[in-house]
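Residues: numbered from 1 along the sequence shown. Keep in mind that what you see is a predicted model, and the values were worked out from it rather than measured.
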Amino acid sequence: MQRRNFVKSSFGAAGLSLTAAVSGESVASTWHSQPNFLAKNNFKLKYAPHFGMFENSAGKDLIDQIKFMADMGFTALEDNGMMGREPAMQEKIAQEMNRLGMSMGVFVLDKGGNSQNTLASGKPEYVDIFLKGCQKAVETAKRVNAKLTTVVPGDFDRNLPIGIQTGNVIDALRRGADILAPAGVAMVLEPLSDTPNLFLRTSDQTYEICRAVNSPACKILFDIYHMQKNEGHIIPHINWCWSEIGYFQIGDNPGRKEPTTGEINYKNVFKYIYDKQKAANKEYIFGMEHGNSKPGKEGELALIKAYVESDSFAV
């Protein structure tokens with residue numbers, strides 16, 4: 001088995017502290033990154049860090065960051081900007097993830113930005129941009145072994161009645177689903193709290209749209225941070241929307257940092273989803289779409305400890 005020396009040397013004393021604090025060991029003499037059963041933490045759920053989250057510990061090289069994630073026990077990766085990477089890098093990322101047995105989470109379908117090219121307006125030029133994005137997303141998904149791509153329909157069109165806007169969004173998404181479904185890719189629609197101008201705001205609204213699109217290629221991205229801000233009542237909303245949820249994202253509120261830093265009881269939320277997905281024979285990926293509450297290696301240690309704590313629910 002190959003051992004990775006760069007983490008040992010770059011992590012230094014902080015690495016020893018991380019090992020002791022997170023896994024209960026006194027010292028760390030080697031780091032492995034393969035196979036996964038030797039990882040430092042055996043998480044119950046498929047948490048997906050993003051690039052940059054452990055840069056202080058693993059360095060700037062993306063492949064080294066993936067290896068570090070695997071060392072820490074994370075079994076998935078999320079990369080919103082994957083469509084903007086060179087195909088050669090996409091393939092390199094996919095090869096390393098395949099070697100480590102990691103799953104690919106979401107990447108954002110590029111249609112010009114969250115608020116741009118609003119599908120609610122029904123304008124053909126906006127729909128065309130979205131459909132071209134779907135075609136490119138299929139190509140990216142093939143290279144990185146992805147099954148999910150994030151879609152944000154854009155802003156409200158204040159000149160149109162809400163029912164007309166909703167119909168326009170449904171029509172566009174149906175056409176997008178026709179492109180994605182044959183490739184085995186699903187778009188996950190993300191209601192957001194960033195601004196009240198965004199058309200998708202709540203999980204029940206997104207559920208209604210997914211039901212109307214009526215395709216396995218159109219599901220909900222349930223971002224717990226955004227939904228805590230917009231609607232609260234997290235566990236009941238997850239239950240109500242369960243059949244249409246395709247993906248979860250994580251972030252505590254306020255602050256959008258790791259679990260345990262805000263008001264959301266993530267241990268209870270994770271326990272609820274774990275039990276529910278087990279009963280349904282499903283397995284979700286949980287995108288860690290948040291920042292670190294503290295800077296540097298200390299902050300990365302704190303983040304890992306937060307996930308160890310939040311994942312420590314009884315089964």
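- Remark: Lys278 NZ is loosely packed, at most 12 non-hydrogen atoms of other residues, nucleotides or ligands lying under 6.0 Å away.
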Quiz item: Can you list the steps and then say if Met227 with His237 is a side chain to side chain contact (heavy atoms under 4.5 Å, CB included)?
Solution: CA-CA 9 Å; Met227 293 305 91; His237 277 102; over 6 Å; no
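- Side-chain contact, Arg158 with Asn197: a donor N or O sits under 3.5 Å from an acceptor N or O.
- Residues Ala177 and Pro182 share a closest heavy-atom pair of O-CD, 4.2 Å.
- Judged purely by distance below 3.5 Å, without hydrogens or angles, the side chains of Glu300 and Ser57 pair a donor atom with an acceptor atom.
- For the pair Asp311 (side chain) and Phe43 (backbone), a donor-acceptor distance under 3.5 Å is absent.
- More than 12 heavy atoms of other residues, nucleotides or ligands lie within 6.0 Å of CZ in Arg143, so this atom counts as buried by the packing criterion.
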Exercise. Begin with the C-alpha distance, continue with both residues' side-chain angles, and end with the deciding distance and a verdict on side chain to side chain contact (heavy atoms under 4.5 Å, CB included) for Ile224 and Gln249.
Key: CA-CA 6 Å; Ile224 298 168; Gln249 284 181 331; over 6 Å; no
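- Counting only distance, with no hydrogens or angles, the side chain of Thr140 and the backbone of Met83 share no donor-acceptor pair below 3.5 Å.
- In this structure, Glu258 contributes its side chain and Ser293 its backbone to a donor-acceptor pair below 3.5 Å.
- Side-chain heavy atoms closer than 4.5 Å link hydrophobic residues (I, L, V, M, F, W, Y) into clusters, and following such links, possibly through other members, connects Phe51 to Met288.
- The environment of NZ in Lys46 is crowded: more than 12 heavy-atom neighbours from other residues, nucleotides or ligands sit within 6.0 Å.
- From Met82, atom CE reaches atom CD of Gln90 across 6.5 Å, with rounding to the nearest 0.5 Å.
- At least one side-chain heavy atom of Lys44 sits under 4.5 Å from a side-chain heavy atom of Phe313.
- Not one N or O on the side chain of Asp223 forms a donor-acceptor pair closer than 3.5 Å with the backbone of Pro191.
- Hydrophobic clustering, defined by side-chain heavy atoms of Ile, Leu, Val, Met, Phe, Trp and Tyr closer than 4.5 Å, groups Phe130 together with Leu109, Leu119, Val127, Leu131, Val138, Val151, Phe156, Ile162, Val169, Ile170, Leu173, Ile179, Leu180, Val185, Met187, Leu189, Phe199, Leu200, Ile209, Val213.
- Within a 6.0 Å radius of NZ in Lys282, more than 12 heavy atoms belonging to other residues, nucleotides or ligands are found.
- Between the NZ atom in Lys257 and the CD1 atom in Ile250 there is a gap of 15.5 Å [rounded to 0.5 Å].
- No more than 12 heavy atoms of other residues, nucleotides or ligands lie within 6.0 Å of NZ in Lys294, so this atom counts as exposed by the packing criterion.
- A donor-acceptor distance shorter than 3.5 angstrom exists from the side chain of Thr118 to the backbone of Asp155, with no hydrogens or angles considered.
- Under the 4.0 Å criterion applied to side-chain N and carboxylate O atoms, Glu244 and Lys219 are assigned as salt-bridge partners.
- By the 4.0 Å N-to-carboxylate-O rule, Glu289 lies close enough to Arg256 to be salt-bridged with it.
- Side-chain atoms of Glu78 and Tyr247 include a donor-acceptor pair closer than 3.5 Å.
- Criterion: ILVMFWY side-chain heavy atoms under 4.5 Å apart, direct or through other members. Under it, Phe286 and Leu221 are not part of a common hydrophobic cluster.
- Hydrophobic clustering keeps Ile285 apart from Tyr274 (ILVMFWY residues linked when any side-chain heavy atoms are closer than 4.5 Å, directly or through intermediates).
- Ring geometry for Tyr266 versus Phe270: interplanar angle of 30 to 60°, hence tilted.
- Not a single donor-acceptor pair under 3.5 Å links the side chain of His226 to the backbone N or O of Gly251.
- Inter-residue side-chain proximity for Met97 and Ser103 is flagged as unmet; no heavy-atom pair is nearer than 4.5 Å.
- For the residue pair Asn145 and Ala94, the shortest heavy atom distance occurs at ND2-CB, 4.1 Å.
- In Glu86, the CD atom is not crowded: 12 or fewer heavy atoms of neighbouring residues, nucleotides or ligands sit closer than 6.0 Å.
- Considering every non-hydrogen atom in both Thr202 and Asp204, the closest pair reads OG1-OD1, 2.9 Å.
- Residues Leu77 and Pro49 approach most closely at CD1-O, 3.4 Å, considering heavy atoms.
- Paired with Asn253 under the rule side-chain hydrogen bond (donor to acceptor under 3.5 Å, both in side chains), one option of Lys229, Gln228, Glu263 passes, and it is Glu263.
- Taking the side chain as every heavy atom from C-beta outward, Glu298 and Asn56 never approach each other to under 4.5 Å.
- Side-chain rings of Tyr307 and Tyr47 approach one another, their centers coming within less than 6.0 Å.
- Under the 4.5 Å side-chain heavy-atom criterion for Ile, Leu, Val, Met, Phe, Trp and Tyr, Tyr284 and Leu148 are members of distinct hydrophobic clusters.
- Considering CG of Asn292 and CD of Glu55, their distance stands at 10.5 Å, rounded to 0.5 Å.
- Contact detail for Asp252 and Thr261: the closest heavy-atom pair is OD2-N, 3.3 Å.
- Around atom NZ of Lys267, more than 12 heavy atoms belonging to other residues, nucleotides or ligands sit under 6.0 Å away.
- A distance of 10.0 Å separates CZ of Arg174 from SG of Cys218, quoted to the nearest 0.5 Å.
- Contact between Tyr126 and Ser121 at its shortest, heavy atoms only, is CD1-OG, 3.3 Å.
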Practice problem: Assess whether side chain to side chain contact (heavy atoms under 4.5 Å, CB included) is satisfied between Tyr207 and Ile245, documenting all intermediate values. | Solution: CA-CA 8 Å; Tyr207 174 90; Ile245 294 175; over 6 Å; no
Practice problem: Go through Leu198 and Asp194 one step at a time and tell me if the side chain to side chain contact (heavy atoms under 4.5 Å, CB included) criterion holds. | Solution: CA-CA 8 Å; Leu198 286 162; Asp194 298 333; 4.1 Å; yes
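- The structure places CG of Asn168 at 11.5 Å from NZ of Lys123, a figure rounded to the nearest 0.5 Å.
- Contact check for Thr195 versus Ser115: no side-chain heavy atoms found under the 4.5 Å cut-off.
- Between the side chains of Asp157 and Gln165, no donor N or O sits under 3.5 Å from an acceptor N or O.
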Exercise. Would you please test Arg85 and Asp79 for salt bridge (charged side-chain N to carboxylate O under 4.0 Å, His left out) and show each step?
Key: CA-CA 10 Å; Arg85 301 191 187 280; Asp79 185 23; 2.7 Å; yes
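- Leu62 and Met69 fall within a single hydrophobic cluster, where Ile, Leu, Val, Met, Phe, Trp and Tyr side chains are chained together by heavy-atom contacts under 4.5 Å.
- Comment: Arg99 engages Glu96 in a salt bridge, judged by a side-chain N to carboxylate O separation of less than 4.0 angstrom.
- Taking the six-membered ring where the residue is Trp, Trp240 and His233 present tilted rings, their angle falling between 30° and 60°.
- Within a 6.0 Å sphere centred on CG of Asn239, other residues, nucleotides and ligands contribute more than 12 heavy atoms.
- Judged purely by atom type and a 3.5 angstrom limit, Asn80 has no side-chain atom pairing as donor or acceptor with the backbone of Val108.
- In this structure, the salt bridge (Lys or Arg N to Asp or Glu O under 4.0 Å) partners of Lys271, at least two apart in sequence or on a different chain, are Asp275.
- Rounding to the nearest 0.5 Å gives a distance of 10.0 Å between CD of Gln205 and CD of Glu231.
- Remark: the backbone N or O of Val144 is not paired with any side-chain donor or acceptor of Glu91 at under 3.5 angstrom.
- The aromatic rings of Phe54 and Phe68 sit tilted, their planes meeting at an angle between 30° and 60°.
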